[in-house]
2 protein chains.
Amino acid sequence: MSTLADGMEDYLKKLLTLSVSGYIDIKRKELSGKFNCVPSQVNYVLETRFTLEKGYLVESKRGGKGFVRIRKLQASLENLLDVFLQDILSGQISDDRARGLIQRLYDLKYISLRESRLMEATLDSLTIIKDKSLQETLRGWLLKDMLLMLIKFA
Amino acid sequence: MSTLADGMEDYLKKLLTLSVSGYIDIKRKELSGKFNCVPSQVNYVLETRFTLEKGYLVESKRGGKGFVRIRKLQASLENLLDVFLQDILSGQISDDRARGLIQRLYDLKYISLRESRLMEATLDSLTIIKDKSLQETLRGWLLKDMLLMLIKFA
DNA sequence: TATACTTTGACTATCTTTGACCTTTGTAAA
DNA sequence: TTTACAAAGGTCAAAGATAGTCAAAGTATA
């Protein structure tokens, strides 16, 4: 049994795979109507499951002729770098962004599923570090070192 | 006279033997309801009877539609784990020892060359930690979390 | 009796769902 | 053109639903 949010996520992702244009347009109110919930639930799903880190771009317009457009970003090392280069160079990165990067490397087939799990596991370990700043720094280094290794032995 | 905890342990183990998937999902509150005790008693049982040493893996999620998942490791994985458990559970591990374990995993064909390099890369990152004790601790956690992840999705 | 194991409950953390209020945009009326 | 209003979508904080932690109190055992 899954949550409303999970159901809506699956529904939207299915629509996306069926779409030829690479994006879908929805009406927030219609969608919430279909799932019998308040409209803002749609925003919750968008904010937690269709983030830039996860490879989605959400645009919208209010008022008459309003819409919510969800786009699955074409995975390429280029736009990956666009999104994450700043983090990687700065040597610090948040947990969310790190996981997003790993997910997208996997989408790209740049790493295997097992490799992505290994990388994610390293992020789990960091929770034992109390010092938040050290945590972010170490996360950055871990990612950087793992990426460099992958590149070196590609 | 057997304790509440023993009863709960037996109940869960029975459910596990009946499960085809190799794991069971329960609701902490439902279970404690069935045994007429406080919810945290479930945690006590999990912590004392369904530990890694005993060949179990426990995952959970909070919030709406939350759950506790108990997984019984396959015998082959348990054996593999036995080899490393002592090191891993000690909580701290030296760099040499860690690299030895990784090499061993590779020799056993349990991980690929790339995976071994990935794991080694994480050890490299640790050098930025000044605190030697924290370094050793984190090394232990990294290894454990990575291995667990591999086991979980084996 | 001392020690180890068990049980409880108050407090905390996390994830989801809801609803009241806010902002933007298109368009019909003035 | 300007204005008013309806029709979107957005924000945010509170409520709801679970699970986790920890230490104190209770019980069994050596």
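Labels below follow one simple rule: chain letters A, B, ... track the order of the sequence lines, proteins then strands, and each chain is numbered from 1. Note: hydrogens, waters and symmetry copies are ignored here, and every other heavy atom, side chains too, is used.
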Rounded distance (Å) that lies between atom C1' of C:dC15 and atom CE of A:M8: 16 Å
Pair B:R49 + B:D10, salt bridge at N-O below 4.0 Å: no
For DNA chain C, the residues among residues 38-46 of chain B that have a non-hydrogen atom under 4.0 Å from it: B:V38, B:S40, B:Q41, B:Y44
Atom pair distance, as rounded to whole Å: CD in A:E47 and P in C:dC15: 15 Å
Rounded distance in Å - NZ (B:K29) to P (D:dG20): 14 Å
Note: B:K13-B:E9 ion pair, threshold 4.0 Å (strictly below): yes
Between P of D:dG10 and CZ of A:F50, the distance in whole Å: 14 Å
Rounded interatomic separation in angstrom, taking CG from B:L4 and P from C:dT8: 6 Å
Atom-pair distance (CG on B:L31; P on D:dT18), nearest Å: 15 Å
Which residue lies more 5' along DNA chain C, comparing A:K65 with A:T3 via nearest heavy atoms: A:T3
Contacts of A:Q41 that satisfy side chain to side chain donor-acceptor pair (under 3.5 Å) - sequence neighbours left out: none
d(CG, B:N36; C1', C:dT7) in whole Å: 13 Å
Side-chain N or O of B:T48 closer than 4.0 Å to phosphate OP1/OP2 of C:dC5: no
N/O (side chain, A:R28) to phosphate O (OP1/OP2, C:dT24) under 4.0 Å: no
Presence of salt bridge, A:E120 and A:R99, under 4.0 angstrom: no
Donor-acceptor pair under 3.5 Å, A:R62 side chain vs C:dT23 base: yes
Presence of B:K27 side-chain N/O under 4.0 Å of D:dT18 phosphate oxygens OP1/OP2: yes
Rounded distance (nearest 0.5 Å) linking atom CZ of A:R139 with atom CG of A:L123: 6.5 Å
Closest-nucleotide ordering on DNA chain C, the 5'-leading residue of A:G64 and B:A5: B:A5
Sidechain N-carboxylate O distance under 4.0 Å for A:E53, A:R104: no
B:Y23-B:I70 co-clustered via ILVMFWY side chain contacts under 4.5 Å: no
Listed nucleotide nearest any side-chain atom of B:V68, set D:dG20, C:dT8, C:dT16: D:dG20
Whole-Å gap separating P (D:dG10) and CD (A:E59): 12 Å
Touch class at under 4.0 angstrom, heavy-atom based, for B:G66 against every strand present: sugar-phosphate
D:dG9 phosphate, OP1 or OP2, under 4.0 Å from A:R69 side-chain N/O: no
